[in-house]
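Contents: one structure, followed by commentary.
Letters go in sequence order (proteins before strands), and every chain restarts at 1.
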Amino acid sequence: MAKQIVKMNLNGQEIEQLVDSRTLLVHFLREQMNLTGAHIGCETSHCGACTVDIDGESVKACTHLAVQCDGCEVKTVEGLADGGILHAVQEAFYEEHGLQCGYCTPGMLMTSYRFLQNNPNPTEDEIRVGLSGNLCRCTGYQNIVKAVKSAAVKLQQKESATA
Amino acid sequence: MIPPSFEYHRPSSVEEAVGLLSSLGSEAKILAGGHSLLPMMKLRFAEPEHLVDINRIPELKGVRVVGDNIIIGAMTSENAVIADPVLNEKVPLLPEAAKLIADPQVRNRGTIGGDIAHGDPANDHPALALACDAIMTIAGPNGTRQVPASEFFLGTYWTALEETDILTEITVKAFPQGAGYAYKKLKRKTGDWATAACAVVVALSGGSVSHIRITLTNLGPTALRAHDAESVLMGQSVNDDLIRQAAAKAMEICDPAEDLRGDAEYKTAMAGQMVQRAINEALAKVS
Amino acid sequence: MNAPVKTPEERKAELQGMGDSRLRKEDARFIQGKGQYCDDIKLPGMLHMDIVRSPVAHGRIKKINKDPAMAIPGVHAVLTADDLKPLNLHWMPTLAGDVAAVLADEKVHFQMQEVAIVIADDRYIAADAVEAVEVEYEELSVVIDPYKALEPDAPVLREDLAGKTEGAHGPRDHHNHIFTWEAGDKSAADDAFANAPVTVSQHMHYPRVHPCPLETCGCVASFDPVKGELTTWMTSQAPHVVRTVVSMLSGVPESKVRIISPDIGGGFGNKVGVYPGYVCAIVSSIVLGRPVKWSEDRMENISTTAFARDYHMDGHLAATEDGKILGLKVDVVADHGAFDACADPTKFPAGLFHICSGSYDIPAAHCSVKGVYTNKAPGGVAYRCSFRVTEAVYLIERMVDVLAQKLDMDKAEIRRKNFIRKEQFPYTSAFGFEYDSGDYHTALEKVLDAVDYDALRAEQEQKRSDPNCPTLMGIGLVTFTEIVGAGPSKICDILGVGMFDSCEIRIHPTGSAIARMGTITQGQGHQTTYAQIIASELGIPSEVIQVEEGDTSTAPYGLGTYGSRSTPVAGAAIAMAARKIHAKAKKIAAHLLEVAEGDLDWEIDRFKVRGNDEQFKTMADIAWAAYNQPPEGLEPGLEAVHYYDPPNFTYPFGIYLCVVDIDKGTGESSIRRFYALDDCGTRINPMIIDGQIHGGLTEGFAVAMGQQMPFDEQGNLMGNTLMDYFLPTAVETPTWETDYTVTPSPHHPIGAKGVAESPHVGSIPTFTSAVVDAFSHLGVTHIDMPHTAYRIWKKLKEEGVQL
């Protein structure tokens, strides 16, 4: 077996792990690191339930090798809240009923988190396109779109409060 | 869906990568964005013994301008193409079309070079490369060479690349002043490949067409350039009738494979629709 | 300092009970990645199971060579049907009275059928081992078309049934015939047709689709050889029934079997059945004495576990010349795949399909459903609907449109004319269902006004007269009635267990509460809405009411969550259990206040002495007293259990209207507007109801506009990944407008009818109605789903419509 040492910053912690080169990032996170927030829905990079943030970009962890993350900064839904304070997207998904079964939610949150950093004041159409790599079978997206809009407002308010 | 075992290699230069490919031979595959290769491996349709990951080769990324050449690193991601100011100003077809490829996350990993090098007629960049008269720069064991897009795509999953080659750069020139452009892509949903798609670049001089490219995606074994369709419009003052004639000419060269997206008749008809719509949209953008 | 006295309104608001759009109690864990789904479970020493599947749709297994797989380090076992035979577990009973192969026994009957299992240290090694198992097949003729399956010389699919002329639902007249089931009065219907001035007929196919929840099926089975106890975490919508089945199959006493449905990533009917993967994981754990996990991949999910629909229907209506319907006849050929594993109440092999007289007062009706074996995966589940109700609603709504077209009547007008009128409820249909309540006319007019129906028709007229218009405009209208809440146990059972449901409530001394239920949420928000019912019934804030479901060792027996039965059945059980507690609480209050029970009034959260607002005991006071100083003769404690056997089904209804614009060049359709009015009776949490409706409409959109499971002649399922199988993204999904009326169910304790499935059931024919309407001026009466651009383009071409 081709094993390699991989070092990465995972949710703010420097880690060093031995991984098989074929280990998919989603399995590494879920089974080796016990971070089960990223979910497996399709395994062919269509559903986005496994979305995590790698070096400031949203990536589908089912189609990415753990070894490719060597030296990277990886953030999962478990790292989204800051010291017990929920991130604005988490609050907004809760307040706008942007989730039902919860299975797509970690991926939706991680995509939304990054999307709003790249586009802090999006239109509804931009949100829909921004989330088009994430499938949800429960909500019909309407409340998810509302949640992302609401999170945008929250983040802007936070920004102006700290400015 | 689990990929088979392989050895992982991560070269930090093109030279090192080419060296690895030469020494590992046909059991090695290049890992670019991975969104075609890894699913194939999970299905065990591909079982390479070695993966050569070229994601950490800095010289393969980004867009630079040298003289009147715009040089796009092969490992420039789709989202980087979309965001690049030079491309948006000089070759705006590429960023606009890239928005229609796959989905936002996949566009972070998927690269222009990977899309071209795969030789899949369903991929979008081959037709875009034809429409932009792109030149491919290829690094191999015997140094680098350049191949125009028109000679690069040889068949389905078959390009001018040898097993030990790496596509390193895609070179294009700025569109003619005031040129219009469009990429019309009919697809079943976000993330899907084209049922039919058409790229058009057009420039006018004194009201007549002075430059025209019409190229097609997923309508034959490779991306197609519709020369006869272009001829219908070249030098002409365009009207609806000519556009219909051009579309008909483009449809004549279509030879699409039937799949769940539709049969050959439908896809060919959709080629006609996309050609007409792309020409109209491109003309509307001419300034 | 005294706290200010709260007004009754303030006290009521604090409860966040029924009618309150309170936020969900379950969300905190999901938004932090702390949900616990089946695949998240990891036990010490756990092994992984993976399945070797057949590449051919019909064939004889000549040879299986396990050796190359067994040679892989980390592989613990490879098992085939031959290994299960001594345990008599190579076949298992289905919910529909048939048997299904657990692992293929000498023959495979559909592509991707389970042939062998491998158990290994991890899922990577298991996947390698699956590749290494060598199986040789002799291919046999394949039957995909159920009509061809019934031809005299059609290949024999089920050799195990040779000579069996009596099936679970009556006589079999052909080797590929499963049952023929009828309802209604055939001679009355025939008479109606014989004398009718107008009749119409239409053939339609409701395609095979898959519920495709985002989480696939899976389980972790853990057998403790010392204690002889089996614990299995499972993606199940019906854990108690599964426990009963597992006990019957394995011989482990039911008391030593514990099934736990953890968080479930959507079910939609996919997770009702008992699949070979579950059984094999359990057997593996028993054989190896270690926990075994099985996680289905997406291709396996779409290909093998629980398809829905696949009904080939011929509908006929008889009517007067002015559009009054006189009779309905329906003949269905139902493609059940290789094993009859439909998930229906035992006595109803076609579920509740005989609700197909819809919202209309039809004096005579008859339907006949013929079940057929083909070389496809088994299933036939209720995909976000009550049993076969989607098919029934589709049939009648299409037929009413067809009749309107024949008579040149407006779709709204013909419905007005035939609706069951408000004063006719309770209404007994020609099929014998007693509709509990409804007010269809009011709801219809509300929708037509809201969308300005006349203006839409005028716009359509104008567009049709413009040959240069690039689009065809269609208006779909559907006025459906569902039948949910299965069901009265005198007619509804699963494997002999009546379809009641249950609730156990305990009030703790300090006034908080826990409720345990026989159902299991898969995203519907039970932990919130159930708590709201209790809050309103008992005056305890929903915030401090915990709801637990899914663990057969702690929850009372229930039939589970599917067919919109949670609120109609379990919701009623909650109210009834709460009322038992309420009655006891009243005795305690009377004791504490030293008055007779008859002198007490209940107000929001307290019993007060009639006429004296100052003398009262809150439920919190009473709870403390129940554990401290109950009246003499009364047991301490404050808890109750209720098993609710509904007296009837509930009949939610809705009026849906859709406007579609079809691109004449490409066949692409754009849903310009979709207006959905639902009447689910009493509304418990409007926010959650809206969310359920958005989701159901989106699933309906997916079914109508793109979902399909096409097979080639060799029985290969083409398109079993999410590249091909249509799950719309946020970009394709329309924006939904919702509205409601409230017609409570008279027989339900809180008047609630259930809602989550109506939008799926009702929207699908609405999309078809809209697409067909776009072509109706050309004489087109019906177009089969899915309404993909490709299929619509073919219709455009056929009708000579050109851009």
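With contacts defined as side-chain heavy-atom distances shorter than 4.5 Å, the pair B:Trp193/C:Met723 qualifies. Using a 4.5 Å heavy-atom cutoff, the side chains of C:Asp724 and B:Arg188 are in contact.
When atom types are taken as modelled, the side chain of C:Tyr790 and the backbone of B:Lys267 share no donor-acceptor pair closer than 3.5 angstrom.
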Quick one: do C:Asp297 and B:Lys42 satisfy side-chain contact (heavy atoms from CB on, under 4.5 Å)? Show the steps, please. CA-CA 11 Å; C:Asp297 73 33; B:Lys42 288 183 188 190; over 6 Å; no
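Both the backbone and the side chain of C:Arg123 come within less than 4.5 Å of a heavy atom of chain B. When heavy atoms are compared at a cutoff of 4.5 Å, B:Glu265 approaches chain C by way of both its backbone and its side chain. For C:Lys794, no part lies under 4.5 angstrom from a heavy atom of chain B. Within the 4.5 angstrom heavy-atom criterion, atoms from both the backbone and the side chain of B:Met1 approach chain C. When heavy atoms are compared at a cutoff of 4.5 Å, C:Glu131 approaches chain B solely by way of its side chain, counted from C-beta outward.
One distance of note links NZ of B:Lys189 with OG1 of C:Thr733; it measures 10.5 Å at 0.5 Å rounding. A distance of 4.5 Å separates CD in C:Glu668 from CG in B:Leu186, rounded to the nearest 0.5 Å.
Using a 4.5 Å cut-off between non-hydrogen atoms, no part of residues 219-232 of chain B approaches chain C. Contacts between residues 247-261 of chain B and chain C, counted as heavy-atom pairs separated by less than 4.5 Å, involve B:Leu260, B:Arg261. Of all residues in residues 660-667 of chain C, those placing a non-hydrogen atom less than 4.5 angstrom from a non-hydrogen atom of chain B are C:Asp663, C:Gly665, C:Thr666.
For B:His118, the ring-ring contact (aromatic ring centres under 6.0 Å, His included) test picks out B:Tyr157, with sequence neighbours left out.
Residue C:Lys42 qualifies as enclosed at atom NZ: its count of foreign heavy atoms under 6.0 Å is above 12.
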